2 protein chains.
Amino acid sequence: MTDDTPRTGGSQGYLRIATEEAWATQDLFDAWDRKMAEPGADPGFVGLAGFYTASQAERPQNIKRRLLDLGEERIADMDATGIDRQLLLLTAPGVQVLDTAEGVALARSTNDVLADAIRRHPDRFSGLAAIAPQDPAAAAEELRRGVTELGLSGAVVNSHTQGRYLSDQEYWPIFEAAEALDVPIYIHPTGLPKDMIRPFQEAGLDGAIYGFGVETGLHLLRIITAGVFDRFPKLRIVVGHAGEALPFWLFRLDHMHAATVRAQRYESMKPIKRTISEYMRENVYITTSGMAWEPAIRFCQDVLGADRVLYAMDYPYQYEVDEVRTHDNLGVDAATKKALYQTNAERVFGLGSR
Amino acid sequence: MTDDTPRTGGSQGYLRIATEEAWATQDLFDAWDRKMAEPGADPGFVGLAGFYTASQAERPQNIKRRLLDLGEERIADMDATGIDRQLLLLTAPGVQVLDTAEGVALARSTNDVLADAIRRHPDRFSGLAAIAPQDPAAAAEELRRGVTELGLSGAVVNSHTQGRYLSDQEYWPIFEAAEALDVPIYIHPTGLPKDMIRPFQEAGLDGAIYGFGVETGLHLLRIITAGVFDRFPKLRIVVGHAGEALPFWLFRLDHMHAATVRAQRYESMKPIKRTISEYMRENVYITTSGMAWEPAIRFCQDVLGADRVLYAMDYPYQYEVDEVRTHDNLGVDAATKKALYQTNAERVFGLGSR
């Protein structure tokens with residue numbers, strides 16, 4: 001057992017770097033509110049964003065206030081839970097639900113705000129660029145600007161963009177830029193597409209409880225099976241929530257992918273160079289956001305390799321000191337714990353090198 | 001390591017009972033063909049059933065022939081892979097895609113065919129009743145007839161029925177009958193609902209590779225969170241494919257369910273008596289169909305209990321002698337192996353007692 005209050009500063013043998021930590025701006029909330037007021041607004045977007053911008057319940061109110069803070073309250077919360085560094089991701093659905101021009105402009109201005117916070121607290125914050133895949137060329141350019149001019153560490157994509165997936169070739173300029181810049185893309189959940197959400201939403205299961213995971217897992221599978229990693233072999237993709245359960249499915253994914261390709265059952269599922277599990281172990285990294293549970297974490301370390309699993313808290317959605325203790329107390333050796341908390345994140349996101 | 005050829009008869013210390021083994025009749029295929037020819041046929045149904053009834057590729061042709069056999073070829077295949085007993089389930093989508101009257105009638109005639117095969121081979125076959133939830137009262141009555149008059153061991157429901165889920169209270173007479181008869185309901189995958197399938201199907205990911213699992217997991221979660229097990233506390237539900245990944249999600253399911261109920265976020269998600277993981281450990285059993293992979297099987301045994309995990313092959317879809325060897329060679333003690341292969345199935349399905 002560790003001391004009851006987790007401390008920052010590495011006295012336990014590692015720094016705690018939390019790699020999927022959410023933030024937002026009032027400009028973004030205002031843009032969401034305007035979009036939600038339009039007729040025929042997307043139910044997955046409204047279900048997700050409307051809850052946090054409009055609900056008066058205590059949990060969403062606390063979350064909204066914390067999302068907006070990139071200063072004293074956030075750092076005090078990090079100190080209270082022993083987090084040395086947060087990697088900041090613009091919260092879902094980000095700018096991806098907006099009209100193209102507004103999304104492109106808001107990604108840019110938001111990244112400037114983020115870079116400013118990092119300049120003020122370089123020892124506590126790192127961050128990923130927001131991008132608007134609605135305009136793939138602009139998204140690739142904003143990723144380049146974010147990394148080379150603002151010092152950001154990659155990009156976050158809040159899963160599908162108005163029902164479209166990065167597996168479609170029109171979006172591949174984003175992957176091309178990420179590979180060339182040697183930075184990862186983090187695929188984060190969002191509200192489900194309107195032509196998928198009904199059986200989930202009518203039962204209250206479309207969100208973080210279940211729907212988010214399966215839709216983000218679907219996104220990653222689409223990227224893998226479309227051959228993205230054959231075209232961009234050095235590309236790194238990161239997903240949270242212990243790999244959105246794909247590590248659990250590895251055997252079946254490999255078996256059924258081979259059978260489906262062999263039977264030529266789908267025009268869209270062509271042969272690719274490796275098995276799905278090989279891409280999962282060579283191009284994909286996963287974080288423990290929302291999955292502070294020893295059996296699942298160790299399962300992932302066992303089947304993917306300890307060098308592929310990174311710590312995340314998912315602040316402020318999952319702000320729980322008990323979950324830090326769960327990670328501190330994992331029954332793994334010191335090197336594995338340091339990899340989980342610190343060195344994997346430094347390597348995957350290039351922290352310290354830019 | 002076991003002998004290279006698995007033998008039947010229990011000489012290895014256990015009988016091998018395979019609990020999710022598929023069969024079909026030509027009448028069912030003909031009914032599907034008629035339904036698929038109607039304008040506006042459901043894309044999930046056509047994608048699943050059309051592949052097996054119409055494809056000339058070798059794999060679907062072999063599967064179709066084996067589905068139709070309840071005699072010599074099937075028993076020879078069982079002998080070749082060391083399977084002592086198959087629990088037979090009418091293959092997906094069963095009668096659930098048909099018009100109500102036809103579905104009710106075909107469930108009945110199909111169960112008569114199944115009961116006849118079991119009478120001819122009582123030492124090799126057991127089976128679950130097909131039912132048509134389109135008419136909940138008739139489905140409950142056919143379950144009763146199947147168990148009390150035909151000697152069947154429960155019922156199979158191939159997930160959603162034309163987009164509707166057993167979590168809706170109109171279907172609860174089926175659960176009431178199952179609890180009163182002391183038999184389980186097996187929820188088996190099927191083609192995805194038409195208002196969910198698009199993001200999966202356009203990438204070839206709607207079937208056994210991924211979509212089946214997430215949709216069947218959704219069905220079980222809907223049943224749990226609707227309070228079915230509070231109303232029917234002795235009801236047993238079985239799902240395949242190592243629990244459709246719900247065991248991997250247990251921590252997050254419990255955490256987010258509690259948070260969602262607390263925030264009163266959905267009218268449809270009311271408080272229930274226990275946590276999701278408690279129902280998973282008390283009312284749910286899982287089989288290893290399509291998941292012949294030691295890490296996933298042992299993970300499930302660890303987090304749910306060894307008494308809740310049952311062997312299944314998923315013949316003829318997954319007819320692989322190597323997968324029997326994987327189960328024979330699991331690094332678990334003899335009692336756990338016997339529970340996995342034999343005694344859990346005997347207890348859950350009442351085999352030997354009727």
Side-chain angles (χ1 to χ4, degrees), chain A residues 51 55 57-60 160 163 165 167 193 195-205 207-211 213-215 217-219 221-222 225-226 241-242 245 247-253 255-257 259-260 262-269 290-293 295-296 299 302-303 318, chain B residues 51 55 57-60 160 163 165 167 193 195-205 207-211 213-215 217-219 221-222 225-226 241-242 245 247-253 255-257 259-260 262-269 290-293 295-296 299 302-303 318:
Chain A
F51 181 63
S55 171
E58 188 183 349
R59 177 175 141 87
H160 74 91
Y165 290 83
S167 47
D195 48 8
M196 171 178 169
I197 197 171
R198 193 273 307 169
F200 296 83
Q201 193 171 40
E202 70 183 14
L205 293 164
I209 188 172
Y210 188 63
V214 303
E215 198 269 344
L218 172 67
H219 199 155
L221 278 179
R222 287 184 61 139
T225 57
H241 314 98
F248 185 82
W249 287 119
L250 282 187
F251 171 86
R252 188 160 172 79
L253 291 170
H255 182 98
M256 287 297 168
H257 182 258
T260 309
R262 225 169 22 238
Q264 302 184 305
R265 186 163 176 176
Y266 295 91
E267 178 63 26
S268 54
M269 192 170 276
M291 291 286 278
W293 188 41
F299 177 90
D302 286 346
V303 304
Q318 199 112 351
Chain B
F51 181 63
S55 171
E58 187 183 349
R59 176 175 142 87
H160 74 93
Y165 289 84
S167 47
D195 48 9
M196 171 179 168
I197 197 170
R198 193 274 306 169
F200 297 83
Q201 193 172 41
E202 70 182 15
L205 294 165
I209 188 171
Y210 189 63
V214 302
E215 197 269 346
L218 171 67
H219 199 156
L221 278 179
R222 287 184 61 140
T225 56
H241 314 99
F248 185 82
W249 286 120
L250 283 187
F251 171 86
R252 189 160 172 79
L253 291 170
H255 182 98
M256 287 297 168
H257 182 259
T260 308
R262 224 170 22 239
Q264 303 184 303
R265 187 163 174 177
Y266 295 91
E267 177 63 27
S268 55
M269 192 171 276
M291 290 287 279
W293 187 41
F299 178 89
D302 287 346
V303 304
Q318 198 110 352

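Keep in mind it's a predicted model, so treat the numbers as computed, not measured. A note on names: the letters A, B, ... follow the listed sequences, proteins ahead of strands, and every chain is numbered from 1. We use all heavy atoms of the structure for the numbers below, so side chains are in, but hydrogens, waters and symmetry mates are not.
Using a distance-only test at 3.5 Å, with no hydrogens or angles considered, a donor-acceptor pair links the side chain of R222(A) to the main chain of P199(B). Side chain of R252(B) to backbone of G213(A): no donor-acceptor contact under 3.5 angstrom is found. Judged by distance alone, the side chain of Y266(A) and the main-chain N or O of L205(B) form no donor-acceptor pair under 3.5 Å.
Contacts between R198(A) and chain B at a heavy-atom distance below 4.5 Å involve backbone atoms as well as side-chain atoms. Contact of H257(B) with chain A is made through backbone and side chain together, with heavy-atom distances under 4.5 Å. With a 4.5 angstrom heavy-atom cutoff, S167(A) does not touch chain B via any of its atoms. With a 4.5 Å cut-off on non-hydrogen atoms, I197(B) touches chain A through its backbone but not through its side chain. Of the atoms belonging to P295(A), heavy atoms from both backbone and side chain fall under 4.5 Å from chain B. Contacts of A226(A) with chain B are absent, with no heavy-atom separation under 4.5 Å from either backbone or side chain. Neither the backbone nor the side chain of E267(B) comes within less than 4.5 Å of any heavy atom in chain A. For V214(A), the parts lying under 4.5 angstrom from a heavy atom of chain B are both the backbone and the side chain.
Inter-residue side-chain proximity for H241(A) and W249(B) is flagged as met; some heavy-atom pair is nearer than 4.5 Å. Residues D195(B) and D195(A) form no side-chain contact, since every pair of their non-hydrogen atoms from C-beta on lies 4.5 Å or further apart. Side chains of M256(A) and Q318(B) form a contact here, defined as non-hydrogen atoms less than 4.5 Å apart.
Between F51(B) and A263(A), the closest heavy-atom pair is CZ-CB, 3.9 Å.
With salt bridges taken as basic N to acidic carboxylate O contacts below 4.0 Å, none links R262(A) and E58(B).
Ring geometry for F248(A) against F299(B) counts as perpendicular: the plane angle is over 60°, on a 0 to 90° scale with 30° as the lower cut.
Residues forming a ring pair (Phe, Tyr, Trp, His ring centres under 6.0 Å) with H219(A) (at least two apart in sequence, or on another chain): Y165(A). In this view, Q264(B) satisfies the side chain to side chain donor-acceptor pair (under 3.5 Å) rule with no residue, not counting sequence neighbours.
Of the listed residues (A292(A), G217(A), S55(A), G211(A)), the one with the most heavy-atom contacts under 4.5 Å to chain B is A292(A).
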